[in-house]
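Counting convention: from 1, in listed order, for ligands and their atoms alike. Sequential numbering from 1 along the given sequence is applied to the chain's residues.
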Amino acid sequence: MKELDPQSKARLLTAIRDVPDFPKPGIVFKDITTLLNDAEAFGLLMDHLAERYRDAKLSYIAGIESRGFIFGAALAAKLGVGFVPIRKKGKLPAATIAEKYALEYGFDEVEIHIDAFRGQKGANVLLIDDLIATGGTAEAAIKLIQDAGGTCVEACFIIDLAFLKGREKITPLAPVYAVLEID
Ligand code: AMP
């Protein structure tokens with residue numbers, strides 16, 4: 001499947017803003033709001049993702065709360081497939097499956113609706129989020145997709161913070177694609 005050309009990668013990288021010490025000291029937050037409000041950059045990214053996945057025979061795109069919703073829903077509408085939200089615990093209203101994952105300190109939990117894939121066994125699902133850091137969130141999300149009866153055909157991220165090696169955690173579960181890698 002197609003990767004983005006170097007010139008377009010450089011264009012997207014300039015559209016992402018670094019915010020030092022957010023949400024806590026020592027973290028450099030990759031702010032994608034400056035990519036979203038840059039129509040040319042956002043359009044370039046979404047056209048690339050649509051081209052990459054147009055023939056992937058996807059049934060659903062699952063996005064991780066909350067920035068995964070933006071890219072996932074836009075891509076689902078472009079490709080004409082359904083969108084499924086994976087949310088933080090306690091937000092989804094109907095019957096759910098939950099998966100806990102470890103944070104630096106303590107645990108967090110994500111959920112998916114039991115009927116997210118409308119009973120379609122083995123539905124081809126693309127997972128999408130804005131960024132992979134340690135990979136814990138994406139690992140939990142892939143388990144949820146599987147528990148809900150889907151097959152995660154690829155995990156797609158706009159940014160991979162490669163030095164944190166989150167990709168290594170995900171590769172045994174699903175192929176990983178990152179539009180941009182940052183060292
Ligand atoms: P992880 O589970 O460690 O891979 O963390 C991934 C989640 O945390 C994603 O939903 C990201 O949006 C968010 N995240 C982690 N680190 C950063 C960062 N440096 N900048 C922006 N978002 C981040």
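Around CG of Asp21, the count of heavy atoms belonging to other residues, nucleotides or ligands within 6.0 Å exceeds 12.
Listed by atom number, the atoms of ligand 1 under 4.0 Å from Gly136 heavy atoms are 2 (O), 4 (O). Less than 4.0 angstrom separates some heavy atom of Asp129 from each of these atoms of ligand 1: 9 (C), 10 (O). Near Leu161, with a cut-off below 4.0 Å to any heavy atom, the atoms of ligand 1 are 19 (N).
Protein non-hydrogen atoms do reach within 4.0 Å of atom 10 (O) of ligand 1.
At a heavy-atom distance under 4.0 Å, no atom of Ile64 approaches ligand 1. Counting heavy atoms closer than 4.0 Å to ligand 1, residue Thr134 contributes atoms from both its backbone and its side chain.
Residues Arg167 and Asp160 are paired through a salt bridge, judged by an N-O separation under 4.0 Å between the basic side chain and the carboxylate. Taking the charged nitrogens against the carboxylate oxygens, Glu40 and Arg11 do have a contact shorter than 4.0 Å, which makes a salt bridge.
Thr137 OG1, 3.9 Å is the protein heavy atom nearest to atom 7 (C) of ligand 1. In this structure, the protein non-hydrogen atom closest to atom 20 (N) of ligand 1 is Lys30 N, 2.9 Å. Scanning all protein heavy atoms for the shortest distance to atom 23 (C) of ligand 1 gives Leu131 CD2, 3.5 Å. For atom 19 (N) of ligand 1, the nearest protein heavy atom (residue, atom name, distance) is Val28 O, 3.0 Å.
Ser8 and Asp5 are linked by a side-chain donor-acceptor pair at a separation below 3.5 angstrom, with hydrogens and angles left out of the test.
The closest non-hydrogen atom to atom 13 (C) of ligand 1, taken over Glu139, Arg67, Lys169, comes from Arg67. Residue Phe29 holds the heavy atom nearest to atom 21 (C) of ligand 1 of all those in Phe157, Phe29, Phe22.
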As a quick check of understanding, evaluate side-chain hydrogen bond (donor to acceptor under 3.5 Å, both in side chains) for Glu154 and Tyr53, giving each step before the final call.
CA-CA 10 Å; Glu154 189 153 270; Tyr53 292 112; 2.5 Å; yes
Kindly indicate, with the supporting measurements, whether the criterion side-chain contact (heavy atoms from CB on, under 4.5 Å) is fulfilled by Leu127 and Ile64.
CA-CA 8 Å; Leu127 176 68; Ile64 301 176; 3.8 Å; yes
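The shortest N or O to N or O distance between Ala138 and ligand 1 is not below 3.5 Å. Considering both main-chain and side-chain atoms, Ile132 never comes within under 3.5 Å of ligand 1 through any nitrogen or oxygen pair.
Here the closest heavy-atom approach between residue Asp183 and residue Ala162 is recorded as OD1-CB, 3.5 Å. Taking both residues in full, the closest heavy atoms of Ala62 and Ile86 are given as CB-CD1, 4.1 Å, listed atom of the first, atom of the second, then distance. Summarising the geometry of Ala116 relative to Tyr60, their closest heavy-atom pair is O-CE2, 4.0 Å, with the distance given to 0.1 Å.
Heavy-atom distances between Gly166 and ligand 1 stay at or above 4.0 Å for every pair.
Between Leu79 atom CG and Glu51 atom CD the span is 11.5 Å, to the nearest 0.5 Å.
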